[in-house]
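A short worksheet on the structure shown next.
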Protein chains: 2
Amino acid sequence: MADLTKVVLDAMGGDHAPGEMVKGAVDAVSRRQDIKVFLVGQEAVVREELDKYTYPKEQIEVVGATEKIETAEPPVMAIRKKKDSSIVVGMNLVKKGEADAFVSAGNSGAVLVGGQLIVGRIKGVERPPLAPLIPTEKGVSLLIDCGANVDARPSHLVQFAKMGSVYMENVMGIAKPRVAIVNIGAEEEKGNALVKETFPLLKACKDIHFIGSIEAREIPHGMADVIVCEAFVGNVILKLYEGVGAALTSQIKKGMMSTLRSKIGALLVKPALKQTLKSFDVSEHGGAPLLGLNGLVVKTHGSSSAKEVSNSIIQCVTFKEQKINEKIREHIQKEEKQKDETTS
Amino acid sequence: MADLTKVVLDAMGGDHAPGEMVKGAVDAVSRRQDIKVFLVGQEAVVREELDKYTYPKEQIEVVGATEKIETAEPPVMAIRKKKDSSIVVGMNLVKKGEADAFVSAGNSGAVLVGGQLIVGRIKGVERPPLAPLIPTEKGVSLLIDCGANVDARPSHLVQFAKMGSVYMENVMGIAKPRVAIVNIGAEEEKGNALVKETFPLLKACKDIHFIGSIEAREIPHGMADVIVCEAFVGNVILKLYEGVGAALTSQIKKGMMSTLRSKIGALLVKPALKQTLKSFDVSEHGGAPLLGLNGLVVKTHGSSSAKEVSNSIIQCVTFKEQKINEKIREHIQKEEKQKDETTS
């Protein structure tokens with residue numbers, strides 16, 4: 001089959017590995033004939049899980065990796081030392097071109113470091129950002145960077161804006177995506193040192209549609225398509241989105257169970273409410289790609305269930321079809337070339 | 001009356017000034033006999049609004065101030081030049097001891113700058129933080145700093161932790177308040193440069209109950225009483241809280257109106273739902289005090305309605321009774337003295 005998308009799944013990464021990982025792989029191949037999953041991990045353990053299911057055998061292949069990188073392990077050391085870990089073995093399959101994408105719910109730091117050291121950066125990309133889609137009232141926005149590069153410099157943020165625009169235009173089909181920088185006020189002179197320095201650089205970019213600052217309050221209302229920020233802030237945004245949503249949902253459910261009247265009402269609103277909460281659930285939108293690499297690397301939530309894993313695997317088909325990293329490469333290299341021409 | 005709390009209200013500040021400000025003042029004095037409000041602003045305009053209401057005349061006094069500081073004005077310049085603005089005139093009343101507290105919904109920067117330049121910092125306090133209470137599943141937590149000092153240094157964050165502990169213990173009556181620093185992972189080695197440098201300093205503090213890092217996801221679950229962060233991050237947290245809450249609430253309401261079945265259910269759950277949403281509404285918890293000053297300065301939300309203004313005024317009674325800034329002064333000065341003794 002010519003259009004087969006080959007996805008490596010880290011069977012050992014995440015809070016519910018290997019059980020939910022294997023289940024997610026089985027679910028993905030059961031839903032899609034155009035996907036092949038390489039399940040990388042400790043062979044005996046993975047096979048034991050896999051034996052619980054019936055699935056198209058030719059669509060899943062187990063690849064042995066004896067070591068496992070733990071959640072709290074310092075990432076650089078882990079990637080360097082554990083050559084036979086599921087992350088290192090899996091990423092090498094992408095590097096060698098034997099697979100199209102690598103998906104992991106494991107140690108974020110190790111996935112980010114591995115992405116850069118093993119799969120490698122596109123020439124000209126300073127720092128590859130992690131870029132998840134977050135739900136808004138109007139659809140989704142891209143949050144970039146949400147965890148890869150703390151203490152970033154202005155030039156990094158400018159590249160995030162460009163890569164994010166390429167992503168939203170090509171993967172999500174949004175013409176002239178609106179780019180905004182996260183700030184603590186709407187005025188240009190507001191902000192911390194990083195934002196103040198980055199603002200005029202973004203304003204001067206001709207290849208993006210920069211609309212200025214965005215306050216955190218406006219993010220859920222979908223006021224921008226590409227939301228640029230430094231990784232620490234992005235991580236806080238992503239996790240608070242999740243936390244406020246979860247807490248509010250649990251309080252609402254508890255509140256509805258407080259009286260007989262509201263209990264009856266709860267039964268009636270349940271289907272509509274479920275749909276709404278689902279549309280505002282961060283985990284519904286699959287994994288976050290690490291942009292700007294010489295291959296696809298997708299990080300999914302540490303607490304991913306089989307459904308999220310399956311969604312993240314299937315998402316790789318779109319990333320592959322839309323050639324997202326190839327388009328980022330073209331964009332960055334066209335720019336580098338123009339710079340060379342003007343300076344020579 | 002010996003126990004009268006005298007509160008200066010900036011009648012000209014905020015999106016809905018002077019209308020909602022004046023209404024809020026009237027509401028506060030109608031609810032409480034132990035409060036006197038000084039309404040500072042353009043006299044004719046303020047009196048015109050005030051004439052719409054019946055209220056105990058001796059509890060509201062209008063103080064004229066011809067100038068107004070606009071929302072987008074650069075704060076330092078505004079405070080220096082506009083000597084007859086409502087903020088400058090109002091803060092001077094607190095400085096001179098003619099009033100106990102100053103409340104404003106106006107230009108945040110100007111309130112912060114005015115607080116430091118006019119009311120003045122307590123000796124030993126490096127940077128006064130803005131510290132609002134935010135709702136959680138378990139009650140409330142103090143978010144400190146949420147907008148006053150961007151690009152803060154580790155020593156500032158350590159003082160925030162101490163001032164926040166004094167606040168939660170005295171104002172909220174929580175013994176041994178749990179202090180946590182906002183971080184992007186639970187492990188000690190995680191974080192940006194500021195957090196990595198601050199973490200061991202907090203760990204070494206004997207006068208606070210430091211419990212380590214808190215991820216943004218855990219904040220709404222009430223995992224800490226005092227949440228320490230740099231102002232940019234704090235501002236993002238506060239505003240996103242508000243934004244996600246508002247967006248989710250509006251989506252839920254819309255969802256419930258989608259079918260006849262859910263519409264009927266909505267009628268039944270409405271009272272319970274309203275109560276829940278109220279308990280999770282940031283604006284229900286009054287204004288945010290600027291801690292560590294020689295007097296009380298409270299910033300309320302720019303979009304404050306009369307109800308929020310009234311709550312913020314009434315809140316000043318507790319701040320006064322609990323002598324929050326006096327207790328911070330004692331704490332900081334005891335520490336300074338110990339430092340002197342050990343170094344001499």
Side-chain angles (χ1 to χ4, degrees), chain A residues 72 74 108 136-137 147 150-151 182 184-187 189-193 195 215-221 230-233 235-252 254-256 258-259 261-262 264-273 275-277 279-280, chain B residues 72 74 108-109 136-137 147 150-151 182 184-187 189 191-193 195 215-221 230-233 235-252 254-256 258-259 261-262 264-273 275-277 279-280:
Chain A
S108 303
T136 72
E137 283 184 330
V150 291
D151 301 316
V182 176
I184 56 172
E187 302 82 21
E189 69 280 3
K190 286 267 176 86
N192 56 12
V195 172
E215 285 197 83
R217 186 194 293 132
E218 302 302 331
I219 296 174
H221 299 308
E230 177 270 336
F232 191 93
V233 170
N235 198 277
V236 165
I237 291 173
L238 184 70
K239 288 181 178 163
L240 194 62
Y241 233 85
E242 213 184 298
V244 174
L248 200 51
T249 305
S250 120
Q251 292 294 95
I252 287 170
K254 219 185 283 171
M256 285 184 181
S258 60
T259 66
R261 174 189 160 141
S262 63
I264 297 167
L267 278 174
L268 297 171
V269 297
K270 205 178 164 190
L273 190 60
Q275 188 54 39
T276 304
L277 296 176
S279 75
F280 234 82
Chain B
S108 302
T136 72
E137 283 184 330
V150 292
D151 300 318
V182 176
I184 56 172
E187 301 83 19
E189 70 280 3
N192 56 12
V195 172
E215 285 197 82
R217 185 194 295 133
E218 301 302 330
I219 297 174
H221 300 309
E230 178 270 338
F232 192 94
V233 170
N235 198 279
V236 164
I237 291 172
L238 184 70
K239 288 180 179 163
L240 194 62
Y241 234 83
E242 215 184 298
V244 174
L248 199 52
T249 305
S250 121
Q251 292 293 93
I252 286 170
K254 217 185 286 172
M256 284 182 180
S258 61
T259 65
R261 174 187 162 144
S262 62
I264 298 168
L267 279 175
L268 297 171
V269 296
K270 206 179 163 190
L273 191 59
Q275 189 53 40
T276 304
L277 296 176
S279 75
F280 233 83

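The figures that follow rest on heavy atoms only: side chains count, while hydrogens, waters and symmetry mates do not. Residue numbering restarts at 1 for every chain, and letters A, B, ... go by the order of the sequence lines.
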Residue A:Pro271 versus chain B: region with a heavy atom under 4.5 Å: side chain
Among A:Lys254, A:Glu137, A:Lys270, which residue forms the greatest number of heavy-atom pairs with chain B at distances under 4.5 Å? A:Glu137
Whatever's closer than 4.5 Å to a heavy atom in chain B on A:Leu267 counts as backbone
Below 4.5 Å, heavy atoms only, C-beta onward: do A:Leu240 and B:Val244 meet side chain to side chain? no
For B:His221 versus A:Ala246, what's the shortest heavy-atom pair and its separation? CE1-CB, 4.4 Å
Under 4.5 Å heavy-atom distance to chain B, tell me which part of A:Val195 shows up: side chain, backbone, both or neither. side chain
Just so I understand: if I count every heavy-atom pair under 4.5 Å between each of B:Ile237, B:Thr136, B:Thr259, B:Ile264 and chain A, which residue has the most? B:Ile237
Name the member of B:Leu248, B:Ile219, B:Leu238, B:Val233 that forms the most heavy-atom pairs with chain A at distances under 4.5 Å. B:Leu248
Please look at A:Ser258 and chain B and tell me whether the side chain, the backbone, both or neither of the residue comes under 4.5 angstrom of a heavy atom of that chain. side chain
Nearest-0.5 Å distance, CD of residue A:Glu230 to CZ of residue B:Phe232: 8.5 Å
Between A:Ala193, A:Ala272, A:Ala247, which residue shows the highest count of heavy-atom pairs closer than 4.5 Å to chain B? A:Ala247
Which atoms of A:Val269 come close to chain B, meaning under 4.5 Å heavy atom to heavy atom: side chain ones, backbone ones, both, or neither? both
Region of A:Ile184 that comes under 4.5 Å of a non-hydrogen atom in chain B: both
Contact winner vs chain A - B:Gly255, B:Gly245, B:Ala266, B:Gly243, heavy-atom pairs under 4.5 Å: B:Gly243
Considering only heavy atoms and a distance below 4.5 Å, find which of B:Ala216, B:Ala72, B:Gly191 pairs most often with chain A. B:Ala216
Enter the distance from B:Ile252:CD1 to A:Gln275:CD here, rounded to the nearest 0.5 Å. 13.0 Å
Non-hydrogen atoms of A:Met256 and A:Leu273 that approach each other most closely: CE-CD2, 3.9 Å
With sequence neighbours left out, what residues match A:Glu242 under salt bridge (Lys or Arg N to Asp or Glu O under 4.0 Å)? B:Arg217
Could you tell me which portion of A:Glu215 (side chain, backbone, both or neither) has an atom closer than 4.5 angstrom to a non-hydrogen atom of chain B? side chain
